Amino acid sequence: MLMKKINNNIPRGIRNNNPLNIERSKSKWQGLAEHQRDPRFAQFKSMTWGIRAAFKTLQSYRTKHGCNSLRQFMPSPRSSESLWCSIVDSMIRVECGRPVDKKTIHDAWHKAFVEI
């Protein structure tokens, strides 16, 4: 059987439009790609949808799971767009080894907390 070659020069999180490498689960994320080909990590239709999922995951850690390690300097996402976007930008750089353009990050924040 012929397999499509994966470009290993592109980080997996970038290929999957999932820069924080959110693992596949039963969650029905908005913007999931129709076909999930990665055996471990969710794949999204666009980078904006993948980053939106990252924002929603961070919000869940903060509000539902009592994560206190970031809480002191992570106010409500609606009151601090720049801070949240900067933190997710840094996390993407660590996970993927490269940045995603800032407009995409801000568009994702908007989808996560304004369009709700």
Side-chain angles (χ1 to χ4, degrees):
M1 170 159 57
L2 203 58
M3 301 278 296
K4 184 178 177 183
K5 184 177 179 180
I6 296 174
N7 185 345
N8 289 326
N9 293 328
I10 299 173
R12 192 176 193 178
I14 300 296
R15 289 193 315 262
N16 289 340
N17 290 320
N18 180 3
L20 294 193
N21 292 313
I22 296 170
E23 291 189 5
R24 289 177 65 172
S25 68
K26 293 181 182 181
S27 296
K28 302 293 183 200
W29 289 107
Q30 288 183 23
L32 274 179
E34 186 176 338
H35 300 289
Q36 296 292 305
R37 293 183 174 96
D38 189 299
R40 182 171 176 193
F41 298 108
Q43 294 175 295
F44 292 89
K45 293 177 185 177
S46 71
M47 188 61 70
T48 300
W49 286 113
I51 297 171
R52 177 200 176 276
F55 281 123
K56 289 296 198 176
T57 298
L58 289 174
Q59 175 70 342
S60 177
Y61 287 166
R62 182 181 169 274
T63 60
K64 293 181 182 175
H65 303 293
C67 180
N68 294 320
S69 61
L70 291 175
R71 190 172 190 166
Q72 292 175 342
F73 55 91
M74 282 192 73
S76 165
R78 288 180 184 247
S79 67
S80 187
E81 176 181 358
S82 294
L83 178 61
W84 276 67
C85 289
S86 294
I87 289 170
V88 168
D89 178 48
S90 297
M91 293 173 78
I92 290 168
R93 289 169 189 260
V94 169
E95 284 286 330
C96 297
R98 63 171 70 167
V100 170
D101 69 280
K102 293 192 186 314
K103 181 182 183 319
T104 299
I105 294 171
H106 283 273
D107 288 349
W109 179 91
H110 192 270
K111 281 188 179 299
F113 302 114
V114 178
E115 292 178 14
I116 303 175

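Note that this is a predicted model, so its numbers are computed, not measured.
Smallest separation of non-hydrogen atoms from Pro19 and Met47: CD-SD, 3.5 Å. Closest approach of Phe55 to Ala112, counting heavy atoms only: CB-CB, 3.8 Å. In terms of heavy-atom proximity, Ala42 sits nearest to Arg24 at N-CG, 3.4 Å. A pairwise comparison of heavy atoms in Cys96 and Pro11 identifies O-CG, 2.9 Å as the closest pair.
Contact of the Ile92 side chain with the Ile51 side chain is registered, since non-hydrogen atoms from C-beta on lie closer than 4.5 Å. Taking 4.5 Å as the limit, some side-chain heavy atom of Leu58 sits within range of a side-chain heavy atom of Val88.
Taking CZ from Phe113 and CD from Glu81, the interatomic distance works out to 10.0 Å, rounded to the nearest 0.5 Å. Asp38 CG to Glu23 CD: the interatomic distance, rounded to the nearest 0.5 Å, is 10.0 Å.
The side chain to side chain donor-acceptor pair (under 3.5 Å) check on Asp107 picks up Lys103, with sequence neighbours excluded. Take Ser27 and apply the side chain to side chain donor-acceptor pair (under 3.5 Å) test, not counting sequence neighbours, and it matches Ser25. Not counting sequence neighbours, Lys45 has no partner by the salt bridge (charged side-chain N to carboxylate O under 4.0 Å, His left out) test. Residues passing the salt bridge (charged side-chain N to carboxylate O under 4.0 Å, His left out) test with Arg98, sequence neighbours excluded: none. Looking at residues two or more places apart in sequence or on another chain, you find a side chain to side chain donor-acceptor pair (under 3.5 Å) between Asn21 and Glu95. Under the salt bridge (charged side-chain N to carboxylate O under 4.0 Å, His left out) criterion, Lys64 pairs with no residue at all, not counting sequence neighbours. Applying the side chain to side chain donor-acceptor pair (under 3.5 Å) rule to Gln36 yields no partners; only residues at least two apart in sequence or on another chain are considered.
Cluster note: Trp49 groups with Ile22, Trp29, Leu32, Phe44 through ILVMFWY side-chain heavy atoms spaced under 4.5 Å, whether in direct contact or through intervening members.
Hydrophobic clustering places Ile87 together with Val114 (ILVMFWY residues linked when any side-chain heavy atoms are closer than 4.5 Å, directly or through intermediates). Both Ile14 and Met91 are members of a single hydrophobic cluster when ILVMFWY side chains are connected at heavy-atom separations under 4.5 Å.
The residues Lys102 and Asp89 are annotated as salt-bridged, a charged nitrogen and a carboxylate oxygen being separated by less than 4.0 angstrom.
A donor-acceptor pair is defined here as one N or O able to donate and one able to accept, closer than 3.5 Å; no such pair exists between the side chain of Arg52 and the backbone of Trp109. Under the 3.5 Å distance criterion, the side-chain polar atoms of Asn18 are left unmatched by any main-chain donor or acceptor of Gln43. Side-chain N or O atoms of Ser60 include none that pairs as donor or acceptor with a backbone N or O of Lys56 at under 3.5 Å.
Screening residues 26-37 for salt bridge (charged side-chain N to carboxylate O under 4.0 Å, His left out), with sequence neighbours left out, gives no hits.
Side-chain contact, Asp101 with Thr104: a donor N or O sits under 3.5 Å from an acceptor N or O.
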